[in-house]
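To start, the structure itself, in structure tokens.
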Protein chains: 2
Amino acid sequence: MSRHPELVASLREAGHRWTPQRESVLAALAESARHLTAEEIIARVRVRYPYLNKSAVYRNLAFLTRLGLVHQTDLGHGHIEYELHQDPHHHHLICRHCHHVLQIDHAALATLGKKLERDFGFQADLDHFAIFGVCKKCQTRAAKTAKRAAR
Amino acid sequence: MSRHPELVASLREAGHRWTPQRESVLAALAESARHLTAEEIIARVRVRYPYLNKSAVYRNLAFLTRLGLVHQTDLGHGHIEYELHQDPHHHHLICRHCHHVLQIDHAALATLGKKLERDFGFQADLDHFAIFGVCKKCQTRAAKTAKRAAR
DNA sequence: GTATTTATTGCAACTGATTGCAATAAGGAG
DNA sequence: CTCCTTATTGCAATCAGTTGCAATAAATAC
């Protein structure tokens, strides 16, 4: 019936249902190691389940996100990207010039989390964070261009 | 002609033009002390300029953002919010339960910025950051509910 | 003033995503 | 198994935002 028996049981206890549509969305994410856009998920799900409605996909992505099974991130590509939640926690540094995405691990943000907790009593969701900025390469490239322009 | 003579001059030097539409979008933001959604901006602009097309508003918001005059933030209300860029830099802690927005100043994130620079050579845009999580109030409320459920 | 260049606008078509609602079907009870 | 409740689906309408393109008009040169 399902390859996620404990998950399914806990969903049912909470009054939710385990439908083929829901399973297929989760399966599409589980079979991909990387982020997928909603459009990619719909395409993959329809390989097995050709007439699945897109609103069911969007609603299940929101549902799985609420459960904490799925993460939504805006990596600046114009579409939200989804991925299965899996440890270790990581974050992304996204260059606004070359759009390169550098993955960093949670340690870099642990201090900030503690600080927000201590100073404001705020329990931040510092998981899978997207930070925009300028990467090393583009900084040096920009410096060179500025120099050339100055001459 | 305009209440922003230096701005207009520098735009012209860069090959841009200063149109009534562009001015009216900037004016709408300047007259509001707080964040506005695109819809609110369109409504305010149309008080003086009834037939302005929405795509001109969106394009000018993007344009002013590229110039660094305007900031876009997703405060989790389902719409992007815009505001005139003004110091001092600040950030937002947004509770995912009660949706309360707590404004904090830049000091809290300064350490993170230095760390990203030092460890990864990444110059992060740590300006007007939105951090989601659970606020103090909702944490204590959740703790009480859990206790009650345990009985 | 007129002519030229081209950034910007207005419009209409379109995209990704959301929503209201009736129909369906999952899960539990008998 | 059948019956019942209601979470979920499918569909169509809708919404916020984007895009292609021809028309307009801002800025510059003359």
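Protein chains get the first letters and strands the later ones, always in sequence-line order, with residue 1 at the start of each. Only this structure's heavy atoms are used, side chains among them; waters, hydrogens and symmetry mates stay out.
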Q.
Are A:Ile80 and A:Leu26 linked, directly or through intermediate hydrophobic residues, by side-chain heavy-atom contacts shorter than 4.5 Å (ILVMFWY only)?
A.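 Linked, A:Leu26 and A:Ile80 end up in one cluster.
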Atom pair distance, as rounded to whole Å: [atom1] in [X] and [atom2] in [N]:
X       : N      : atom1 : atom2 : value
A:Leu11 : C:dG28 : CG    : C1'   : 16 Å
B:His16 : C:dT9  : NE2   : P     : 12 Å
A:Asn60 : C:dA26 : CG    : P     : 13 Å
B:Arg22 : C:dT9  : CZ    : C1'   : 10 Å
B:Ile41 : D:dA16 : CD1   : C1'   : 13 Å
B:Phe63 : C:dA7  : CZ    : P     : 11 Å
B:Leu52 : C:dT9  : CG    : C1'   : 9 Å
B:Leu61 : D:dA16 : CG    : C1'   : 13 Å

Q.
Test: salt bridge (charged side-chain N to carboxylate O under 4.0 Å, His left out). Region: residues 54-66 of chain A. Which pairs qualify, not counting sequence neighbours?
A. none
Q | Pairs meeting criterion salt bridge (charged side-chain N to carboxylate O under 4.0 Å, His left out) with involvement of residues 107-116 of chain A, two or more places apart | A |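 For residues 107-116 of chain A: A:Lys115-A:Asp119.
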(Q) If the condition is side-chain hydrogen bond (donor to acceptor under 3.5 Å, both in side chains), which residues does B:Ser32 pass it with, not counting sequence neighbours? (A) none
Q) Atom CG in A:Asn60, atom CG in A:Leu69: separation rounded to 0.5 Å? A) 11.5 Å
side-chain N/O [X] vs [N] OP1/OP2, d < 4.0 Å:
X       : N      : value
A:Arg17 : C:dG27 : no
A:Gln21 : D:dG10 : yes
A:Thr19 : D:dA7  : no

Q: Please name all residues satisfying salt bridge (charged side-chain N to carboxylate O under 4.0 Å, His left out) with B:Arg34, sequence neighbours left out, ordered by chain then number.
A: B:Glu83
Q: Give the B/S/- string for nucleotides 11-18 of chain C, one per nucleotide from 5' to 3', where a protein heavy atom under 4.0 Å of the base yields B, of only the sugar-phosphate yields S, and otherwise -.
A: B----SBB
Q) Who are the side-chain contact (heavy atoms from CB on, under 4.5 Å) partners of A:Leu11, not counting sequence neighbours? A)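 Partners of A:Leu11 by the side-chain contact (heavy atoms from CB on, under 4.5 Å) criterion, ordered by chain and then number, come out as A:Leu7, A:His16, A:Trp18, A:Phe63, A:Leu67.
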